Novice: 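The structure's right below; bear with me while I get my questions together.
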Amino acid sequence: MSAQELSRYPPALLPSSPRLSSFADVLRAIPLARQYLNSAIVAIAVTAGQLATATLSAYAFAFLRVPFRNVVFGVFLATMMIPWEAVIIPNYLLMSQSGLLNTYPALVLPFLAAGFGTFLLPQFFLSFPRDLYEAALVDGCGHLRFLWTILVPLSRPALASLGIYAFLQTWNPPSGLQPPPPRGGRGRGHNDLVSETIVADAGALQEFSAAVAGAMGAPDDVAAEVARHLVSANLSGHDSHGVLRWTQYVGELDRGELFPAARPRLVHEAPVVAVFDAGRGFGQHSTMVATEWTMGRAREHGIAAAAIRHSMHIGRLGEYTERMAADGMVGLVTVGAAGSGSGAVAPFGGAARFLGTNPWSMGVPAAGRPPVIYDAATSTVAEGKVRLARARGDQLAPGLIRDAAGQPTVDPVQLYEGGSLTVMGGDVAGHKGHGLSLASALIGGLAMIGDPDPTPAGTMRRPETWGERLAGVFLVAIDPAAFGRASDYEEAVAGVLDGLTSVPPAPGFEAVQVPGDPERRSRDHRARDGVPVPDATWSDLSAIAVRFGVELRKGPDR
Amino acid sequence: MRVATVVAGSRRRMREAATTLLFLAPSLALFGLFTFWPLVRTFVLSFYGSDIIGRATLFVGTRQYQQLLASPALHDTLVATVLFALITVLPSLAIGLVLALLLQARIAAIGVFRTLLATPFAFSVATASVIFAIFYNPGVGVFNA
């Protein structure tokens, strides 16, 4: 079946043009032969070991007098009731201390004895005529000789059953003992017991993202910009705004909310002001188009602003202020929503949701060093962090969320049962985040003036319960050169930053940082060492790759 | 004479006990090293938190148990596990019994049906898992889309 056919939706049952090259592709993509060999070695060794230990102990239980028989038999049975999960950490530590990690013995040794065989075989041995046993012993036959020359040959059916069972149990690990088969680019076999995160190359993730956007119907330039933006967020350390978002975008596509082929349209234009209609296309592209427009007009007139309506998710705001600062501009970007039922944030003193996370970003260029990039939501905590805590069963720090009745809570589940996020500043200084959040929505709402089809932008869904709401993206670009000599300004900024970073650190801190510097450090680090992607996310991306018939690889080399 | 018999009997018993022990030793040693000793260690570890590189250095008493018992996830997990066991074990026993009886039927081509029913044993669980993971994928799966 060809790649296009595989990714067709709904999938085809029979290939229209059968071909054998798929098998060769698989063998090239992952070391399948080696993985099969590993599985076979481990399964055969474990099966042989279990047969041996079970035969010996079953013989003792069936023919010999075992002191405290019931207790000892109970011990054997008890091993069947101890789940592997209960002992996996000490076993890992044991293997680690013995230097056996990533070896066959680590996978074989713990499983050489199993309670099940000691339970099954004595039943069979007991049906064996006892007279024969006694006759053999009277004739001077030793236990081992009797076992090997008489009992084992006569017990082949039982041993075969046990062998098949042990082999299948080892070949098909039932309890997640061995990792799931490699998905996508993870070309490793049995030899990793712990797999939580895949490290992917940024270039490979960008190729994948561009291919998915293209397969969804985005023009090449739009697809390239979305891909660049998402991977840049990953590189900056903001994984919540990176490739993880593909599951959201695919969901939006399927619900008919996202129009990947759309391009932003200039609705209204004055010398230094514009309103764009993003047409519910990819927000990363439409916002970058508006960014370029404001920069061009600011270069000409000193300052310019743009508002965007009908925008989908616009990603990490720092991308746009970084773009402006890179050209020597002071930049300001916000995206906000306000109105009953909007977003997940309750206003200061309120018990119900009313605001989006309404982030602000500001960028300022500095001489001889990277610009200052401030980028922060106006809620105390990002929704994604609460989602993560819920998945892990962790409690939250106090003051981050309220339940449906407006009571403060540390239980993350409450957010998803009608609760809300608090505004930045929490119970102590929440009025500060409150005002900043509301301002974001009201200023972003400039995009909705005279909108014939008022659809909320950015963080909001379709207006099923349309009330008084304002939402939109708003950008300002300021050219320092319009105020005087730009180089003087940039040098003054750099001087202030030098002073800022030389403030002696408070106890518990390493240094005072310039906003935007942690992201740059993360970028250097991840561009070199790769982007960590959680297994769950990788598996979602793999499914998306299959659906759209694009390739998901973890590195440029494979 | 009587004394000699008792001595010989107890010596024989000792010998037999030693033999028994030898037969049980491989299994017991493996269980001890890879099941029971780790179980004890798991229990001890449950009273410790770990530092940034994963060493269990911070004694936290029963705090982790308190967290577990207070977690709403515990209740959900137990309910889900019991339901899963009931929903999978009971029907598969019933269906299995019915199918086994049906396969006893003396009809033509019964071998075909027996082969069909035995085939899933040969499927790789790994392969089946990947296919079902795609079926159930929250975004694009046929069951959940």
Side-chain angles (χ1 to χ4, degrees), chain A residues 9-11 49 52-54 56-57 59-61 64-67 72 75-76 78-79 82 86-91 93-94 109-115 117-118 143 147 168 171-174 180-181 183 246-248 250-251 254 390 392-395 411 413 539-540 542-544 546-548, chain B residues 12-14 16-46 50 54-56 67-68 70-74 76-77 121-131 133-142 144-145:
Chain A
Y9 198 85
T53 56
L56 288 174
S57 53
Y59 181 81
F61 283 116
L64 300 174
R65 190 207 314 270
V66 180
V72 179
V75 166
F76 275 78
T79 60
I82 296 171
V87 294
I88 189 166
I89 291 174
N91 267 303
L93 294 175
L94 186 68
L109 284 176
F111 308 103
L112 285 183
T118 313
H143 288 294
L147 179 66
L168 283 179
W171 187 273
N172 296 325
R183 297 191 186 104
W246 276 119
T247 46
Q248 174 191 336
V250 169
D254 289 344
R390 179 182 65 159
R392 285 183 179 163
D394 287 349
Q395 291 192 340
D411 175 9
V413 177
S539 129
D540 289 343
S542 306
I544 290 172
V546 169
R547 166 164 169 191
F548 290 103
Chain B
R12 210 182 56 226
R13 202 164 297 166
M14 289 284 287
E16 197 178 324
T19 314
T20 307
L21 194 62
L22 279 178
F23 275 85
L24 292 180
S27 294
L28 288 176
L30 287 163
F31 286 147
L33 188 60
F34 296 112
T35 305
F36 292 110
W37 166 237
L39 196 62
V40 172
R41 251 180 116 180
T42 296
F43 185 66
V44 173
L45 283 173
S46 70
S50 57
R55 291 175 311 193
Q67 261 177 28
L68 176 70
S71 161
L74 178 67
D76 295 354
T77 309
F121 282 109
F123 287 168
S124 154
V125 173
T127 311
S129 303
V130 170
I131 292 170
I134 294 174
F135 282 174
Y136 280 110
N137 183 284
V140 299
V142 288
N144 279 337

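Just so it is clear: chains get the letters A, B, ... in the order the sequence lines come, proteins before strands, and each one is counted from 1. This one's a predicted model, so the numbers in the text were calculated from it and none came from an experiment.
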Novice: So which residue, A:Pro90, A:Gly115, A:Pro67, ends up with the most heavy-atom pairs under 4.5 Å with chain B?
Specialist: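 Counting heavy-atom pairs under 4.5 Å, the top option is A:Pro90.
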
Novice: Of the backbone (N, CA, C, O) and the side chain (C-beta and beyond), which part of B:Phe36 lies under 4.5 Å from a heavy atom of chain A, both, or neither?
Specialist: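 B:Phe36 touches chain A through side-chain heavy atoms alone.
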
Novice: Got a second to check how far A:Phe111's CZ is from B:Phe34's CZ, nearest 0.5 Å?
Specialist: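 Rounded to the nearest 0.5 Å, the CZ-CZ separation comes out at 9.0 Å.
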
Novice: Any heavy-atom pair between the side chains of B:Phe23 and A:Phe61 that's under 4.5 Å?
Specialist: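 A:Phe61 does not reach B:Phe23 side chain to side chain.
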
Novice: Which bit of A:Leu109 is near chain B, if near means a heavy-atom gap under 4.5 Å: side chain, backbone, both or neither?
Specialist: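 Both backbone and side chain.
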
Novice: Hey, what do you get for OG1 (B:Thr19) to CZ (A:Arg65), rounding to the nearest 0.5 Å?
Specialist: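 Going from the OG1 atom of B:Thr19 to the CZ atom of A:Arg65 covers 11.5 Å.
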
Novice: In this structure, which one of A:Val72, A:Leu64, A:Leu56, A:Thr53 forms a side-chain contact (heavy atoms from CB on, under 4.5 Å) with B:Leu24?
Specialist: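 Considering A:Val72, A:Leu64, A:Leu56, A:Thr53, a side-chain contact (heavy atoms from CB on, under 4.5 Å) with B:Leu24 is found only for A:Val72.
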
Novice: To the closest 0.5 Å, what do you measure between CG (B:Leu39) and CD1 (A:Ile82)?
Specialist: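 Reported to 0.5 Å precision, the distance equals 4.5 Å.
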
Novice: Under 4.5 Å heavy-atom distance to chain B, tell me which part of A:Val413 shows up: side chain, backbone, both or neither.
Specialist: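 For A:Val413, the side chain is the part near chain B, not the backbone.
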
Novice: Out of B:Ser27, B:Ala29, B:Ala73, B:Pro26, return the one with the most heavy atom pairs under 4.5 angstrom to chain A.
Specialist: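 If we count pairs closer than 4.5 Å to chain A, B:Ser27 comes out on top.
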
Novice: So which atom in B:Leu33 and which in A:Leu94 form the shortest heavy-atom distance, rounded to 0.1 Å?
Specialist: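 The pair with the smallest heavy-atom distance is O-CD2, 4.1 Å.
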
Novice: Partners of A:Ala114 by side-chain contact (heavy atoms from CB on, under 4.5 Å), sequence neighbours excluded?
Specialist: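 In terms of side-chain contact (heavy atoms from CB on, under 4.5 Å), with neighbours along the sequence ignored, A:Ala114 is linked to A:Gln50.
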
